[in-house]
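Have a look at the structure below before the remarks.
Throughout, a chain's letter reflects where its sequence line sits, starting with A, and its residues are numbered from 1. The basis for the numbers below is simple: all heavy atoms, side chains too, and nothing from hydrogens, waters or symmetry mates.
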Amino acid sequence: MKQRVSALLRAQFERDVVLEKPKDRSFGHYATPIAFSLAKELRKSPMAIADELAAVFGEHAMFSSVEATKGYINFRLSESFLGEYADWALKNPDEFGRADREEKILLEFVSANPTGPLHIGHARGAVYGDTLLRLGRRLGYDITAEYYVNDAGNQIDLLGLSLQLEGQHSVLNMEVEWPEKYYRGEYMTVLAEEALSVFGSDILTNPDRQKELALWAKDRVMELIVSDLAEANIHFDTFVSEASLYDDWERVMKKLGEGVYEAEGKLWLRSSEKGDEKDRVVVREDGRPTYLAGDIVYHNRKFEQGFDHYINIWGADHHGYIARVKAAVDFLGYDPDRLEILLSQMVSLLKDGEPYKMSKRAGNVILMSDIVEEIGADALRFIFASKKSDTALEFDVEVLKKQDNSNPVYYINYAHARIQTILSKSALSREQIMAAELKDLSADADALLFEALLLPEVIEDAFASRQVQKLPDYLKSLAARLHKFYYDVRILGTEEEAKLLKLFMMVGLSLRTGLSLMGITAKDRMTADEK
RNA sequence: GCGUCCGUAGCUCAGCUGGAUAGAGCAUCGGUUUCCGGUACCGACGGUCGGGGGUUCGAAUCCCUCCGGACGUGCCA
């Protein structure tokens, strides 16, 4: 809708026009303050300009009125326009909010190390990425979801060592000396027992078999991670192994050309020339490549696959890494602007209003699977998608367990369930309802219809700005409008029954579609909490 | 020190391509239909938009500066 109006104004004024939704809906559906910016060049008062411009649109079919008020031009869409749009959406629910973008995008997210199950911090990036993925696909983008598996380096060695020690300690009841850093947690005990039954006790005690154990363990951990993600309705198309990339290093290094140089017996990336603070080591004195080398090969691989655009979602603690990766992409001969790096900020947890500190050392890590078990995947997804990804998030586990207004998932589901219930209680058939015309609506009904039809522009906006929280915000406000309308207006048994039920079907469609884009299935009925 | 992000109601946060009276949920207090599910709705209370300066017809929004906070500043990943 907004695009239609916007395009019309652009054609009329031959310039881009700021179009906004008035805070006070009694003004109309859309408004523009363009008269203020024209005032100076035309040397007339904004009011006079607005009056003249509004008159131009007086008879347009899309609008029922176009009025100038205090310098603003307010547009009210006609009922026939809104009604026809809703009619089309209800008949083509899968097309509603869809677009036909053709860009191919590679979206990399989560990419947590395969050394342990996902914790609450990973969950945020996972939800953010998956929501962006769903929004983008709805808009027609061809998006591949990729997980980069860091299955090389010290951490894998440490995984093997930790698992042997864990096995010796808790499975074989041996005395062990714990190093300063090692992986621990319930999953390690489980893995140690499993390793014992698969390989026998030698694998837990023989230092020469640490590597073998580590390689087996990281595959098992990846299975854990994949299942954690699946529980939250998140699925990846491709997994790329870091270890498998180093074979390609020689070739990619040559491709970097002048981008690398040798000094002090090491190989350096000339990243300071491309905006990084300093040059970075890519191969150490002993010939072992650094993590950055792996990332360079990985990004070269991405670009050689010929996507139009690349999006990486990283934890905010990696932001210092952006400049060097972009520098490498540049040296490889690709446009670094095609690589977009989004940061997902830290999550802090409250329990009963008190900060809950999570530390690996103390072994009280909050796992993603714990939260899913406690509050459900829907609530987890909703709350993590509800906040701008680039600001720190604080949330209270207890609040999410409540089933009232303070829990937005219940609030929205309840709105959807109310719609389904009233539809099933009505004596009217679906055909009778669809045959009704959405006209002569009250101001509140008109506002509700307009709000329901906003979903497509919310999807566009949320994806384009990478601010997925705009979708849950919209769903909350649509649900609120529905609840209020439901409370105020009697529907069943009135002369307006068919018309209002059609309006409700439209609201239901938007709620359902919006929730599905968040990986949440709308509920048709609410069930009381089991005690 | 430098870099990135952030500072809006008691709490958690929207709003930030500059535009009409700064919004919501929670919390607190009060209220609601001969009712289609009260898991809802309405109202009250509550704000120097961190401080100061600047640009503008107009600033929570843009610029400068100061204060406060988070994160980063490995040849770990």
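Between B:C35 and B:A40, the two C1' atoms lie 11 Å apart (nearest whole Å). Only the C1' atoms considered, B:A20 is 29 Å distant from B:C64, to the nearest whole Å. B:G1 and B:G58 have their C1' atoms separated by 39 Å, given to the nearest Å. If you take atom C1' in B:G31 and the same atom in B:G52, they sit 45 Å apart, rounded to whole Å. B:G25 and B:A14 have their C1' atoms separated by 10 Å, given to the nearest Å. Going from the P atom of B:A22 to that of B:A59 covers 13 Å, rounded to whole Å. When the P atom is used for both B:U61 and B:G69, the distance is 22 Å, rounded to whole Å. Taking atom P on both nucleotides, B:C67 is separated from B:A9 by 22 Å, rounded to a whole Å.
The nucleotide B:C76 finds no pairing partner, because no Watson-Crick or G-U wobble arrangement with both distances shorter than 3.5 Å includes it. Of the nucleotides present, B:C67 is the one that pairs with B:G7 by Watson-Crick or G-U wobble criteria, both distances under 3.5 Å. Remark: B:U32 base-pairs with B:A40; criterion is Watson-Crick or G-U wobble with both hydrogen-bond distances under 3.5 Å. Using the Watson-Crick or G-U wobble rule with both distances under 3.5 Å, B:C49 pairs with nothing in any strand shown.
Residues A:I73 and A:Y486 both approach RNA chain B. Their nearest nucleotides, taken by heavy-atom distance, put A:I73 toward the 5′ side. Nearest-nucleotide positions on RNA chain B place A:F36 closer to the 5' end than the other of A:E242 and A:F36.
Look at A:Y411 and you'll find a side-chain N or O under 4.0 angstrom from OP1 or OP2 of B:C41. Checking the phosphate oxygens (OP1, OP2) of B:A77, no side-chain nitrogen or oxygen of A:R288 falls inside 4.0 Å. Between A:K470 and B:A14 there is no side-chain N or O to OP1 or OP2 distance below 4.0 Å. Of the side-chain N and O atoms in A:Q467, none sit less than 4.0 angstrom from OP1 or OP2 of B:U17. A:R418 has a side-chain polar atom (N or O) that falls below the 4.0 Å cut-off from OP1 or OP2 of B:G38.
Comparing B:C36, B:A20, B:C76 against the side chain of A:L492 picks out B:C36 as the nearest. Among the nucleotides B:C41, B:G15, B:C76, the one closest to any side-chain atom of A:R284 is B:C76. The side chain of A:H483 sits closest to B:C41 out of B:C41, B:C36, B:A20. Residue A:N74 has its side chain nearest to B:A20 when only B:C41, B:U39, B:A20 are considered. Closest contact between the side chain of A:R490 and the listed nucleotides B:C36, B:A20, B:A77 involves B:C36. In this structure, of B:G15, B:C36, B:G37, it is B:G37 that holds the atom nearest to the side chain of A:Y414.
A donor and an acceptor atom, one from each side chain of A:N154 and A:K181, are nowhere located under 3.5 Å apart. For the residue pair A:H122/A:D228, the side-chain donor-acceptor check at 3.5 Å is not satisfied.
Using a 4.0 Å heavy-atom cutoff across all strands shown, A:E285 reaches no nucleic acid atom at all. At a threshold of 4.0 angstrom between heavy atoms, the contacts of A:K278 are confined to the sugar-phosphate backbone, with no base atom among them. Within the 4.0 angstrom heavy-atom criterion, no nucleotide atom of any strand lies near A:D286. Using a 4.0 Å heavy-atom criterion, one finds that A:V149 contacts no nucleic acid atom at all. Residue contacts shown for A:A31 include a base, since a base heavy atom lies under 4.0 Å away. Within 4.0 Å (heavy atoms only), A:H319 reaches at least one base atom of the nucleic acid.
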**Asked** Going through the distances and angles, do A:D286 and A:R284 end up as a salt bridge (Lys or Arg N to Asp or Glu O under 4.0 Å)?
**Response** CA-CA 5 Å; A:D286 61 9; A:R284 304 172 176 96; 5.4 Å; no
**Request:** Take A:Y261 and A:D279, measure what side-chain hydrogen bond (donor to acceptor under 3.5 Å, both in side chains) needs, and give me the verdict at the end.
**Result:** CA-CA 10 Å; A:Y261 63 94; A:D279 291 346; 2.6 Å; yes
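To the nearest 0.5 Å, atoms CD1 (A:I520) and CZ (A:F382) are separated by 6.5 Å.
The side-chain ring of A:F27 is stacked on the base of B:A20, judged by centre separation under 5.5 angstrom and plane angle under 30 degrees.
Remark: C1' of B:C16 and CZ of A:R466 are 19 Å apart, rounded to the nearest angstrom. Atom CG of A:D317 and atom C1' of B:C76 are 12 Å apart (whole Å). Whole-Å rounding puts the A:I383 CD1 to B:G25 P distance at 15 Å. Atoms CD (A:E277) and P (B:G3) sit 9 Å apart, rounded to a whole Å. Atoms CG (A:L292) and P (B:C76) sit 11 Å apart, rounded to a whole Å. Atom CG in A:D488 sits roughly 10 Å away from atom P in B:C41 (whole-Å rounding). The distance between atom OH of A:Y474 and atom P of B:C13, rounded to the nearest whole Å, is 25 Å. The separation between A:Y148 atom OH and B:A77 atom C1' is 10 Å, rounded to whole Å.
Base orientation for B:G43: anti, the chi torsion being more than 90° from 0.
When side chains are defined from C-beta on, A:Q155 does not count as touching A:K218, because their heavy atoms never get closer than 4.5 Å.
Annotation: cation-pi pair A:R381/A:F384 absent, no NZ/CZ under 6.0 Å from the ring centroid and within 45° of its normal.
Aromatic pair A:Y30/A:F450: centroids less than 6.0 angstrom apart.
Comment: A:E460 does not engage A:K2 in a salt bridge, judged by the lack of any side-chain N to carboxylate O separation of less than 4.0 angstrom.
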